[in-house]
2 protein chains.
Amino acid sequence: MATSSTVENYLKAIYQAQSAAEDKQALVPMGHLASALGVVPGTATTMVKTMVGSGLVAYEPYSGVRLTEAGEHLAAMVLRRHRLVELFLVQIMGMSWAEVHEDAEQLEHAVSDRLIDRIDQLLGRPAVDPHGDPIPDPEGIVAQHLHKNLLTCPVDTDLVVTRVLNQDADFLRFLEQHELKPGQAIKVIARDASADSVSILSSGNHQVTIGTRAASKLLVEI
Amino acid sequence: MATSSTVENYLKAIYQAQSAAEDKQALVPMGHLASALGVVPGTATTMVKTMVGSGLVAYEPYSGVRLTEAGEHLAAMVLRRHRLVELFLVQIMGMSWAEVHEDAEQLEHAVSDRLIDRIDQLLGRPAVDPHGDPIPDPEGIVAQHLHKNLLTCPVDTDLVVTRVLNQDADFLRFLEQHELKPGQAIKVIARDASADSVSILSSGNHQVTIGTRAASKLLVEI
DNA sequence: AAAAATATTTTGACATATCAAAACTAAAAT
DNA sequence: ATTTTAGTTTTGATATGTCAAAATATTTTT
Ligand SMILES: [Mn+2]
Ligand SMILES: [Mn+2]
Ligand SMILES: [Mn+2]
Ligand SMILES: [Mn+2]
(Lines give C-alpha, C1' and ligand atoms only; values in the text may rest on other atoms or scores of the structure.)
(Ligands and ions follow the chains in the order given, each with its own letter.)
Protein backbone atom coordinates (compact mmCIF):
# COMPACT_ATOMS: atom_id res chain seq x y z
CA MET A 1 0.00 0.00 0.00
CA ALA A 2 2.84 2.43 0.75
CA THR A 3 3.28 4.00 -2.69
CA SER A 4 6.93 4.08 -3.77
CA SER A 5 8.47 7.34 -4.87
CA THR A 6 8.56 5.97 -8.42
CA VAL A 7 4.81 5.45 -8.40
CA GLU A 8 4.37 8.90 -6.86
CA ASN A 9 6.32 10.39 -9.76
CA TYR A 10 4.17 8.57 -12.29
CA LEU A 11 1.00 9.77 -10.55
CA LYS A 12 2.24 13.33 -10.53
CA ALA A 13 3.25 13.25 -14.19
CA ILE A 14 -0.15 11.88 -15.25
CA TYR A 15 -1.94 14.43 -13.09
CA GLN A 16 0.01 17.32 -14.56
CA ALA A 17 -0.47 16.11 -18.14
CA GLN A 18 -4.22 15.82 -17.51
CA SER A 19 -4.32 19.32 -16.00
CA ALA A 20 -2.45 20.79 -18.96
CA ALA A 21 -4.83 19.24 -21.50
CA GLU A 22 -7.89 21.17 -22.68
CA ASP A 23 -10.11 18.12 -22.30
CA LYS A 24 -9.64 17.12 -18.66
CA GLN A 25 -10.99 13.62 -19.36
CA ALA A 26 -8.52 12.93 -22.17
CA LEU A 27 -6.10 10.02 -21.89
CA VAL A 28 -2.41 10.79 -21.49
CA PRO A 29 -0.43 9.06 -24.28
CA MET A 30 2.27 6.68 -23.07
CA GLY A 31 4.92 8.49 -25.10
CA HIS A 32 4.16 11.74 -23.32
CA LEU A 33 4.26 10.06 -19.93
CA ALA A 34 7.52 8.28 -20.72
CA SER A 35 9.30 11.41 -21.84
CA ALA A 36 7.99 13.39 -18.86
CA LEU A 37 9.56 10.80 -16.59
CA GLY A 38 12.73 10.28 -18.60
CA VAL A 39 12.14 6.58 -19.24
CA VAL A 40 11.69 4.60 -22.45
CA PRO A 41 8.06 4.01 -23.51
CA GLY A 42 8.18 0.30 -22.70
CA THR A 43 9.01 1.07 -19.09
CA ALA A 44 6.03 3.37 -18.78
CA THR A 45 3.73 0.70 -20.24
CA THR A 46 4.96 -1.84 -17.68
CA MET A 47 4.63 0.52 -14.73
CA VAL A 48 1.19 1.72 -15.78
CA LYS A 49 0.00 -1.88 -15.87
CA THR A 50 1.12 -2.49 -12.31
CA MET A 51 -0.59 0.76 -11.31
CA VAL A 52 -3.80 -0.55 -12.87
CA GLY A 53 -3.42 -3.47 -10.47
CA SER A 54 -3.24 -1.02 -7.55
CA GLY A 55 -6.38 0.78 -8.73
CA LEU A 56 -4.54 4.04 -9.32
CA VAL A 57 -5.09 4.45 -13.08
CA ALA A 58 -7.30 3.35 -15.94
CA TYR A 59 -5.41 2.26 -19.03
CA GLU A 60 -6.48 1.81 -22.68
CA PRO A 61 -3.85 0.01 -24.77
CA TYR A 62 -2.59 2.15 -27.63
CA SER A 63 -4.58 5.12 -26.33
CA GLY A 64 -3.18 6.13 -22.98
CA VAL A 65 -3.75 6.37 -19.26
CA ARG A 66 -5.93 8.37 -16.86
CA LEU A 67 -6.02 8.63 -13.06
CA THR A 68 -8.77 6.97 -11.05
CA GLU A 69 -10.31 8.81 -8.08
CA ALA A 70 -7.78 7.14 -5.78
CA GLY A 71 -4.88 7.96 -8.10
CA GLU A 72 -5.98 11.55 -8.46
CA HIS A 73 -6.14 12.00 -4.70
CA LEU A 74 -2.68 10.55 -4.18
CA ALA A 75 -1.28 12.68 -7.01
CA ALA A 76 -2.77 15.79 -5.43
CA MET A 77 -1.09 14.90 -2.13
CA VAL A 78 2.29 14.60 -3.83
CA LEU A 79 1.76 17.95 -5.50
CA ARG A 80 0.64 19.44 -2.19
CA ARG A 81 3.84 18.28 -0.53
CA HIS A 82 5.98 19.48 -3.43
CA ARG A 83 4.50 22.96 -3.48
CA LEU A 84 4.36 23.47 0.27
CA VAL A 85 8.00 22.38 0.47
CA GLU A 86 8.96 24.82 -2.28
CA LEU A 87 7.26 27.73 -0.54
CA PHE A 88 8.79 26.67 2.76
CA LEU A 89 12.28 26.61 1.26
CA VAL A 90 11.82 30.09 -0.15
CA GLN A 91 10.02 31.74 2.78
CA ILE A 92 11.63 30.07 5.76
CA MET A 93 14.96 28.82 4.46
CA GLY A 94 15.64 31.82 2.27
CA MET A 95 16.43 29.82 -0.84
CA SER A 96 15.92 31.19 -4.34
CA TRP A 97 12.67 30.37 -6.16
CA ALA A 98 14.86 29.30 -9.08
CA GLU A 99 16.56 26.47 -7.22
CA VAL A 100 13.91 25.01 -4.90
CA HIS A 101 12.28 22.76 -7.48
CA GLU A 102 15.08 20.17 -7.47
CA ASP A 103 15.09 19.96 -3.68
CA ALA A 104 11.30 19.66 -3.57
CA GLU A 105 11.47 16.90 -6.17
CA GLN A 106 13.18 14.72 -3.54
CA LEU A 107 11.53 16.02 -0.38
CA GLU A 108 8.00 15.51 -1.73
CA HIS A 109 8.55 11.77 -1.14
CA ALA A 110 10.11 12.09 2.32
CA VAL A 111 8.06 14.58 4.32
CA SER A 112 5.51 13.00 6.66
CA ASP A 113 1.89 14.09 7.02
CA ARG A 114 2.80 15.46 10.44
CA LEU A 115 5.59 17.61 9.06
CA ILE A 116 3.69 18.82 6.03
CA ASP A 117 0.90 19.98 8.29
CA ARG A 118 3.38 21.91 10.44
CA ILE A 119 4.77 23.54 7.33
CA ASP A 120 1.28 24.40 6.08
CA GLN A 121 0.46 25.95 9.45
CA LEU A 122 3.75 27.85 9.69
CA LEU A 123 3.16 29.35 6.23
CA GLY A 124 -0.42 30.29 7.08
CA ARG A 125 -2.23 27.74 4.86
CA PRO A 126 -1.01 29.32 1.63
CA ALA A 127 -2.92 28.95 -1.66
CA VAL A 128 -0.04 29.10 -4.13
CA ASP A 129 3.66 28.22 -4.27
CA PRO A 130 6.55 30.52 -5.32
CA HIS A 131 5.81 29.89 -9.00
CA GLY A 132 2.11 30.65 -8.60
CA ASP A 133 1.16 26.96 -8.80
CA PRO A 134 -1.95 26.25 -6.68
CA ILE A 135 -1.48 24.13 -3.55
CA PRO A 136 -4.08 21.33 -3.26
CA ASP A 137 -5.86 21.31 0.10
CA PRO A 138 -5.65 18.23 2.41
CA GLU A 139 -8.65 16.72 0.58
CA GLY A 140 -6.92 17.16 -2.76
CA ILE A 141 -9.14 19.99 -3.95
CA VAL A 142 -7.42 22.63 -6.08
CA ALA A 143 -8.76 26.14 -6.54
CA GLN A 144 -9.04 26.52 -10.31
CA HIS A 145 -8.14 29.98 -11.58
CA LEU A 146 -8.49 30.62 -15.27
CA HIS A 147 -5.52 32.80 -16.03
CA LYS A 148 -4.64 34.13 -19.45
CA ASN A 149 -1.10 33.87 -20.76
CA LEU A 150 0.92 36.61 -22.45
CA LEU A 151 -0.31 35.49 -25.87
CA THR A 152 -4.02 35.57 -25.03
CA CYS A 153 -4.21 38.53 -22.64
CA PRO A 154 -5.18 42.05 -23.77
CA VAL A 155 -2.45 44.42 -24.94
CA ASP A 156 -1.72 47.77 -23.27
CA THR A 157 -3.60 46.79 -20.14
CA ASP A 158 -2.37 46.62 -16.54
CA LEU A 159 -1.60 43.01 -15.58
CA VAL A 160 -0.15 41.09 -12.67
CA VAL A 161 2.01 38.01 -13.18
CA THR A 162 0.31 35.12 -11.36
CA ARG A 163 2.00 31.92 -12.45
CA VAL A 164 5.00 30.52 -14.32
CA LEU A 165 4.53 27.21 -16.12
CA ASN A 166 8.21 26.30 -16.38
CA GLN A 167 10.57 25.21 -13.61
CA ASP A 168 13.81 25.72 -15.54
CA ALA A 169 16.23 27.51 -13.19
CA ASP A 170 17.77 29.71 -15.90
CA PHE A 171 14.34 30.80 -17.10
CA LEU A 172 13.28 31.62 -13.54
CA ARG A 173 16.43 33.65 -12.95
CA PHE A 174 15.78 35.50 -16.21
CA LEU A 175 12.27 36.37 -15.06
CA GLU A 176 13.59 37.55 -11.71
CA GLN A 177 16.15 39.83 -13.35
CA HIS A 178 13.47 41.43 -15.51
CA GLU A 179 10.95 41.90 -12.71
CA LEU A 180 8.55 39.28 -13.99
CA LYS A 181 8.01 37.22 -10.84
CA PRO A 182 4.49 36.30 -9.69
CA GLY A 183 2.94 39.30 -7.96
CA GLN A 184 4.72 41.88 -10.09
CA ALA A 185 2.78 44.34 -12.26
CA ILE A 186 3.42 44.38 -16.01
CA LYS A 187 1.89 45.43 -19.32
CA VAL A 188 2.12 43.85 -22.77
CA ILE A 189 3.09 46.68 -25.09
CA ALA A 190 3.37 44.79 -28.36
CA ARG A 191 2.94 41.40 -29.97
CA ASP A 192 4.64 40.68 -33.26
CA ALA A 193 3.48 37.47 -34.94
CA SER A 194 6.08 37.51 -37.70
CA ALA A 195 8.93 38.11 -35.26
CA ASP A 196 7.43 35.45 -32.96
CA SER A 197 7.82 37.85 -30.04
CA VAL A 198 6.07 39.67 -27.21
CA SER A 199 7.31 42.93 -25.67
CA ILE A 200 6.67 43.62 -22.00
CA LEU A 201 6.94 46.65 -19.78
CA SER A 202 7.64 45.90 -16.11
CA SER A 203 6.60 48.01 -13.12
CA GLY A 204 10.11 49.48 -12.92
CA ASN A 205 9.65 50.76 -16.52
CA HIS A 206 11.99 48.03 -17.65
CA GLN A 207 11.30 46.71 -21.16
CA VAL A 208 11.94 43.17 -22.44
CA THR A 209 11.08 41.21 -25.51
CA ILE A 210 10.65 37.44 -25.26
CA GLY A 211 9.66 34.66 -27.68
CA THR A 212 6.13 33.35 -27.89
CA ARG A 213 7.21 29.95 -26.52
CA ALA A 214 8.34 31.67 -23.32
CA ALA A 215 5.39 34.09 -23.35
CA SER A 216 2.94 31.19 -23.28
CA LYS A 217 4.46 30.05 -19.97
CA LEU A 218 3.70 33.31 -18.19
CA LEU A 219 0.19 33.57 -16.79
CA VAL A 220 -1.36 36.86 -15.73
CA GLU A 221 -4.53 38.41 -14.40
CA ILE A 222 -5.95 41.80 -15.11
CA MET B 1 28.13 6.35 -7.40
CA ALA B 2 24.98 7.94 -5.98
CA THR B 3 24.57 5.80 -2.86
CA SER B 4 21.03 4.48 -2.45
CA SER B 5 19.19 5.10 0.79
CA THR B 6 19.51 1.39 1.54
CA VAL B 7 23.29 1.61 1.34
CA GLU B 8 23.18 4.79 3.44
CA ASN B 9 21.26 2.91 6.11
CA TYR B 10 23.81 0.08 6.10
CA LEU B 11 26.67 2.57 6.39
CA LYS B 12 25.00 4.32 9.29
CA ALA B 13 24.27 1.07 11.12
CA ILE B 14 27.87 -0.11 10.77
CA TYR B 15 29.18 3.29 11.86
CA GLN B 16 27.00 3.32 14.95
CA ALA B 17 27.87 -0.26 15.89
CA GLN B 18 31.57 0.60 15.56
CA SER B 19 31.13 3.72 17.70
CA ALA B 20 29.31 1.78 20.40
CA ALA B 21 32.05 -0.87 20.61
CA GLU B 22 34.90 -0.46 23.07
CA ASP B 23 37.45 -1.45 20.44
CA LYS B 24 36.84 1.03 17.62
CA GLN B 25 38.66 -1.23 15.15
CA ALA B 26 36.52 -4.28 15.92
CA LEU B 27 34.48 -5.91 13.18
CA VAL B 28 30.70 -5.65 13.38
CA PRO B 29 29.16 -9.15 13.30
CA MET B 30 26.70 -9.75 10.47
CA GLY B 31 23.98 -10.81 12.90
CA HIS B 32 24.19 -7.50 14.72
CA LEU B 33 24.07 -5.56 11.47
CA ALA B 34 21.13 -7.59 10.18
CA SER B 35 19.06 -7.09 13.29
CA ALA B 36 19.91 -3.38 13.45
CA LEU B 37 18.51 -3.05 9.94
CA GLY B 38 15.58 -5.42 10.38
CA VAL B 39 16.67 -7.83 7.66
CA VAL B 40 17.61 -11.52 7.77
CA PRO B 41 21.35 -12.27 8.08
CA GLY B 42 21.62 -13.55 4.52
CA THR B 43 20.42 -10.23 3.17
CA ALA B 44 23.08 -8.36 5.13
CA THR B 45 25.78 -10.70 3.82
CA THR B 46 24.71 -10.06 0.23
CA MET B 47 24.52 -6.30 0.65
CA VAL B 48 27.86 -6.11 2.44
CA LYS B 49 29.48 -7.95 -0.45
CA THR B 50 28.20 -5.41 -2.95
CA MET B 51 29.42 -2.65 -0.64
CA VAL B 52 32.88 -4.22 -0.69
CA GLY B 53 32.69 -3.82 -4.47
CA SER B 54 32.02 -0.09 -4.01
CA GLY B 55 34.97 0.27 -1.63
CA LEU B 56 32.77 1.28 1.29
CA VAL B 57 33.53 -1.58 3.69
CA ALA B 58 36.05 -4.30 4.46
CA TYR B 59 34.55 -7.71 5.10
CA GLU B 60 35.92 -10.86 6.73
CA PRO B 61 33.70 -13.91 6.21
CA TYR B 62 32.43 -15.37 9.49
CA SER B 63 33.95 -12.41 11.36
CA GLY B 64 32.15 -9.26 10.31
CA VAL B 65 32.41 -5.93 8.55
CA ARG B 66 34.15 -2.59 9.08
CA LEU B 67 33.92 0.76 7.26
CA THR B 68 36.71 1.93 4.97
CA GLU B 69 37.80 5.57 5.02
CA ALA B 70 35.35 6.31 2.21
CA GLY B 71 32.56 4.42 3.95
CA GLU B 72 33.20 6.16 7.23
CA HIS B 73 33.05 9.57 5.60
CA LEU B 74 29.76 8.80 3.86
CA ALA B 75 28.32 7.38 7.07
CA ALA B 76 29.29 10.54 8.95
CA MET B 77 27.51 12.63 6.31
CA VAL B 78 24.31 10.60 6.73
CA LEU B 79 24.53 11.05 10.48
CA ARG B 80 25.22 14.74 10.04
CA ARG B 81 22.08 15.13 7.95
CA HIS B 82 20.03 13.04 10.37
CA ARG B 83 21.04 15.03 13.41
CA LEU B 84 20.85 18.46 11.84
CA VAL B 85 17.38 17.60 10.56
CA GLU B 86 16.31 16.44 14.03
CA LEU B 87 17.49 19.65 15.65
CA PHE B 88 15.88 21.68 12.89
CA LEU B 89 12.54 19.93 13.39
CA VAL B 90 12.67 20.64 17.11
CA GLN B 91 14.02 24.20 17.04
CA ILE B 92 12.44 25.64 13.93
CA MET B 93 9.39 23.45 13.33
CA GLY B 94 8.48 23.11 16.99
CA MET B 95 8.18 19.33 16.92
CA SER B 96 8.75 17.17 19.98
CA TRP B 97 12.19 15.63 20.53
CA ALA B 98 10.37 12.33 21.02
CA GLU B 99 8.93 12.19 17.50
CA VAL B 100 11.56 13.71 15.23
CA HIS B 101 13.65 10.57 14.85
CA GLU B 102 11.20 8.85 12.47
CA ASP B 103 10.96 11.92 10.25
CA ALA B 104 14.74 12.35 10.21
CA GLU B 105 15.11 8.69 9.27
CA GLN B 106 13.50 9.52 5.91
CA LEU B 107 14.74 13.08 5.42
CA GLU B 108 18.40 12.12 5.95
CA HIS B 109 18.29 10.58 2.47
CA ALA B 110 16.46 13.45 0.78
CA VAL B 111 18.04 16.72 1.93
CA SER B 112 20.59 18.20 -0.47
CA ASP B 113 24.00 19.53 0.50
CA ARG B 114 22.71 23.00 -0.25
CA LEU B 115 19.76 22.63 2.10
CA ILE B 116 21.71 20.95 4.88
CA ASP B 117 24.16 23.81 4.84
CA ARG B 118 21.31 26.33 5.15
CA ILE B 119 19.95 24.38 8.09
CA ASP B 120 23.38 24.24 9.71
CA GLN B 121 23.76 27.98 9.27
CA LEU B 122 20.24 28.79 10.51
CA LEU B 123 20.87 26.74 13.66
CA GLY B 124 24.25 28.39 14.25
CA ARG B 125 26.51 25.44 13.43
CA PRO B 126 25.32 23.36 16.41
CA ALA B 127 27.49 20.65 17.98
CA VAL B 128 24.79 18.29 19.22
CA ASP B 129 21.24 17.24 18.30
CA PRO B 130 18.17 17.21 20.60
CA HIS B 131 19.26 13.88 22.11
CA GLY B 132 22.79 15.07 22.79
CA ASP B 133 24.21 13.11 19.87
CA PRO B 134 27.22 14.90 18.35
CA ILE B 135 26.81 16.34 14.84
CA PRO B 136 29.72 15.45 12.52
CA ASP B 137 31.24 18.49 10.81
CA PRO B 138 31.27 18.77 6.99
CA GLU B 139 34.55 16.84 6.91
CA GLY B 140 33.04 14.02 8.94
CA ILE B 141 34.93 14.81 12.12
CA VAL B 142 33.06 14.19 15.35
CA ALA B 143 33.98 15.83 18.65
CA GLN B 144 34.49 12.91 21.01
CA HIS B 145 33.21 13.53 24.52
CA LEU B 146 33.74 10.82 27.08
CA HIS B 147 30.59 10.97 29.13
CA LYS B 148 29.77 8.68 32.01
CA ASN B 149 26.40 6.99 32.26
CA LEU B 150 24.17 6.77 35.32
CA LEU B 151 25.78 3.45 36.32
CA THR B 152 29.37 4.68 36.20
CA CYS B 153 29.02 8.28 37.40
CA PRO B 154 29.61 9.32 41.02
CA VAL B 155 26.66 9.24 43.43
CA ASP B 156 25.38 12.32 45.29
CA THR B 157 27.15 14.68 42.92
CA ASP B 158 25.69 17.44 40.77
CA LEU B 159 25.34 16.24 37.17
CA VAL B 160 23.95 17.49 33.89
CA VAL B 161 22.26 15.15 31.42
CA THR B 162 24.18 15.38 28.15
CA ARG B 163 22.99 12.55 25.93
CA VAL B 164 20.35 9.86 25.55
CA LEU B 165 21.35 6.65 23.77
CA ASN B 166 17.86 5.47 22.90
CA GLN B 167 15.46 6.93 20.33
CA ASP B 168 12.32 5.16 21.55
CA ALA B 169 9.55 7.77 21.62
CA ASP B 170 7.94 6.44 24.82
CA PHE B 171 11.27 6.46 26.62
CA LEU B 172 11.96 10.03 25.47
CA ARG B 173 8.54 11.17 26.64
CA PHE B 174 9.16 9.49 29.98
CA LEU B 175 12.44 11.39 30.36
CA GLU B 176 10.75 14.65 29.44
CA GLN B 177 8.03 14.13 32.05
CA HIS B 178 10.63 13.52 34.73
CA GLU B 179 12.87 16.44 33.79
CA LEU B 180 15.68 14.29 32.46
CA LYS B 181 16.24 15.93 29.08
CA PRO B 182 19.76 16.86 27.94
CA GLY B 183 20.78 20.10 29.65
CA GLN B 184 18.84 19.44 32.82
CA ALA B 185 20.59 19.17 36.19
CA ILE B 186 20.22 15.96 38.18
CA LYS B 187 21.82 13.94 40.97
CA VAL B 188 22.06 10.17 41.47
CA ILE B 189 20.90 9.60 45.03
CA ALA B 190 21.10 5.81 45.19
CA ARG B 191 22.10 2.73 43.23
CA ASP B 192 20.71 -0.63 44.27
CA ALA B 193 22.41 -3.59 42.58
CA SER B 194 20.01 -6.22 43.90
CA ALA B 195 16.94 -4.21 42.90
CA ASP B 196 18.61 -3.50 39.52
CA SER B 197 17.71 0.15 39.95
CA VAL B 198 19.01 3.72 40.09
CA SER B 199 17.27 6.58 41.91
CA ILE B 200 17.54 10.08 40.56
CA LEU B 201 16.72 13.54 41.88
CA SER B 202 15.88 16.13 39.23
CA SER B 203 16.42 19.89 39.46
CA GLY B 204 12.74 20.37 40.33
CA ASN B 205 13.27 18.08 43.35
CA HIS B 206 11.41 15.39 41.51
CA GLN B 207 12.50 11.85 42.36
CA VAL B 208 12.40 8.83 40.03
CA THR B 209 13.74 5.31 40.11
CA ILE B 210 14.62 3.61 36.85
CA GLY B 211 16.13 0.24 35.89
CA THR B 212 19.82 -0.18 35.13
CA ARG B 213 19.09 -0.98 31.47
CA ALA B 214 17.52 2.47 31.13
CA ALA B 215 20.13 4.11 33.37
CA SER B 216 22.94 2.94 31.09
CA LYS B 217 21.33 4.91 28.25
CA LEU B 218 21.53 8.23 30.07
CA LEU B 219 24.88 10.00 29.76
CA VAL B 220 25.91 12.83 32.08
CA GLU B 221 28.75 15.17 32.85
CA ILE B 222 29.77 16.58 36.22
C1' DA C 1 -5.63 1.06 -50.71
C1' DA C 2 -1.07 0.43 -50.03
C1' DA C 3 3.21 2.23 -48.20
C1' DA C 4 5.66 4.88 -44.90
C1' DA C 5 6.10 6.93 -40.63
C1' DT C 6 5.03 7.14 -35.80
C1' DA C 7 3.65 5.30 -31.48
C1' DT C 8 3.04 1.49 -28.47
C1' DT C 9 3.61 -3.07 -26.62
C1' DT C 10 6.12 -7.27 -25.93
C1' DT C 11 10.10 -9.96 -24.98
C1' DG C 12 14.30 -11.00 -22.80
C1' DA C 13 17.72 -9.14 -19.93
C1' DC C 14 19.69 -6.81 -15.96
C1' DA C 15 20.37 -4.27 -11.28
C1' DT C 16 18.90 -3.82 -6.62
C1' DA C 17 17.01 -5.50 -2.48
C1' DT C 18 14.77 -8.81 -0.10
C1' DC C 19 13.33 -13.72 2.14
C1' DA C 20 13.10 -18.87 3.26
C1' DA C 21 15.41 -22.61 3.93
C1' DA C 22 19.43 -25.52 3.34
C1' DA C 23 24.44 -25.85 3.98
C1' DC C 24 28.17 -24.64 6.37
C1' DT C 25 31.61 -22.72 10.04
C1' DA C 26 33.07 -21.64 14.46
C1' DA C 27 32.50 -21.61 19.31
C1' DA C 28 30.81 -23.74 23.51
C1' DA C 29 29.50 -27.56 26.17
C1' DT C 30 29.84 -32.06 27.48
C1' DA D 1 37.38 -35.10 21.10
C1' DT D 2 32.81 -35.23 19.97
C1' DT D 3 28.53 -33.18 20.01
C1' DT D 4 25.58 -29.34 20.31
C1' DT D 5 24.48 -24.72 19.52
C1' DA D 6 24.76 -20.28 17.62
C1' DG D 7 26.04 -17.54 13.90
C1' DT D 8 26.93 -17.09 8.93
C1' DT D 9 26.80 -18.03 4.10
C1' DT D 10 24.73 -20.03 0.00
C1' DT D 11 21.09 -21.13 -3.00
C1' DG D 12 16.90 -20.44 -5.29
C1' DA D 13 12.89 -17.28 -5.45
C1' DT D 14 10.42 -13.00 -5.60
C1' DA D 15 9.26 -7.89 -6.22
C1' DT D 16 10.35 -3.51 -8.32
C1' DG D 17 12.05 -0.73 -11.86
C1' DT D 18 14.61 -0.20 -15.83
C1' DC D 19 16.54 -0.72 -20.99
C1' DA D 20 17.32 -2.54 -25.88
C1' DA D 21 15.44 -4.24 -29.55
C1' DA D 22 11.89 -6.81 -31.93
C1' DA D 23 7.00 -7.14 -32.88
C1' DT D 24 2.54 -4.76 -33.38
C1' DA D 25 -0.75 -1.28 -33.93
C1' DT D 26 -2.22 3.19 -35.52
C1' DT D 27 -1.97 7.25 -38.20
C1' DT D 28 -0.41 9.81 -42.05
C1' DT D 29 1.11 10.24 -46.59
C1' DT D 30 1.10 9.11 -51.19
MN1 LIG E 1 8.46 22.52 -8.55
MN1 LIG F 1 6.42 25.22 -8.05
MN1 LIG G 1 17.55 10.02 15.49
MN1 LIG H 1 19.18 12.12 17.65
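Note: hydrogens, waters and symmetry copies are ignored here, and every other heavy atom, side chains too, is used. Each chain gets a letter, A, B and so on, in the order the sequences are listed, and its residues count up from 1. Note that this is a predicted model, so its numbers are computed, not measured.
- Residues B:Pro136 and B:Ala76 approach most closely at CG-O, 3.5 Å, considering heavy atoms.
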Taking only N/O atoms, report every protein-nucleotides 17-20 of chain C pair under 3.5 Å with atom names and distance.
from	atom 1	to	atom 2	distance (Å)
C:dA17	OP1	B:Ser4	OG	2.5
C:dT18	OP2	B:Tyr10	OH	3.4
C:dC19	OP2	B:Val40	N	3.1
C:dC19	OP2	B:Thr43	OG1	2.8

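- A side-chain donor-acceptor contact under 3.5 Å links B:Thr68 to the backbone of B:Gly71.
- Scored by the side chain to side chain donor-acceptor pair (under 3.5 Å) test, B:Arg163 finds B:Asp133 as partners (sequence neighbours excluded).
- In this structure, B:Lys49 atom NZ and D:dT8 atom P are separated by 14 Å, rounded to whole Å.
- Here the side chain of B:Gln18 pairs a donor or acceptor atom with the backbone of B:Leu67 at under 3.5 angstrom.
- Judged purely by atom type and a 3.5 angstrom limit, A:Arg81 has no side-chain atom pairing as donor or acceptor with the backbone of A:Leu107.
- Aromatic ring pairs are classed by plane angle as parallel below 30°, tilted from 30° to 60° and perpendicular above 60°; the pair B:His131 and B:Trp97 is parallel.
- Classified by interplanar angle (parallel below 30°, tilted 30° to 60°, perpendicular above 60°), the ring pair B:His178/B:Phe174 is tilted.
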Check nucleotides 22-29 of chain D against the protein and report each pair of N or O atoms closer than 3.5 Å, with its distance, or say if there are none.
from	atom 1	to	atom 2	distance (Å)
D:dA25	O4'	A:Tyr62	OH	3.3

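- Legend: side-chain hydrogen bond (donor to acceptor under 3.5 Å, both in side chains) pairs involving residues 110-122 of chain A, not counting sequence neighbours, sorted by first then second residue: A:Arg80-A:Asp120, A:Ser112-B:Asp103, A:Arg114-B:Asp103, A:Asp117-A:Arg125, A:Asp120-A:Arg125.
- Counting only distance, with no hydrogens or angles, the side chain of A:Thr3 and the backbone of A:Glu8 share no donor-acceptor pair below 3.5 Å.
- Per the geometry, CE belonging to B:Met51 stands 19 Å off P belonging to C:dA15, to the nearest Å.
- Partners of B:Lys12 under the side chain to side chain donor-acceptor pair (under 3.5 Å) rule, at least two apart in sequence or in another chain, are B:Glu105, B:Glu108.
- A heavy-atom distance below 4.0 Å to DNA chain D is reached by these residues of residues 14-37 of chain B, ordered by number: B:Pro29, B:Met30, B:Gly31.
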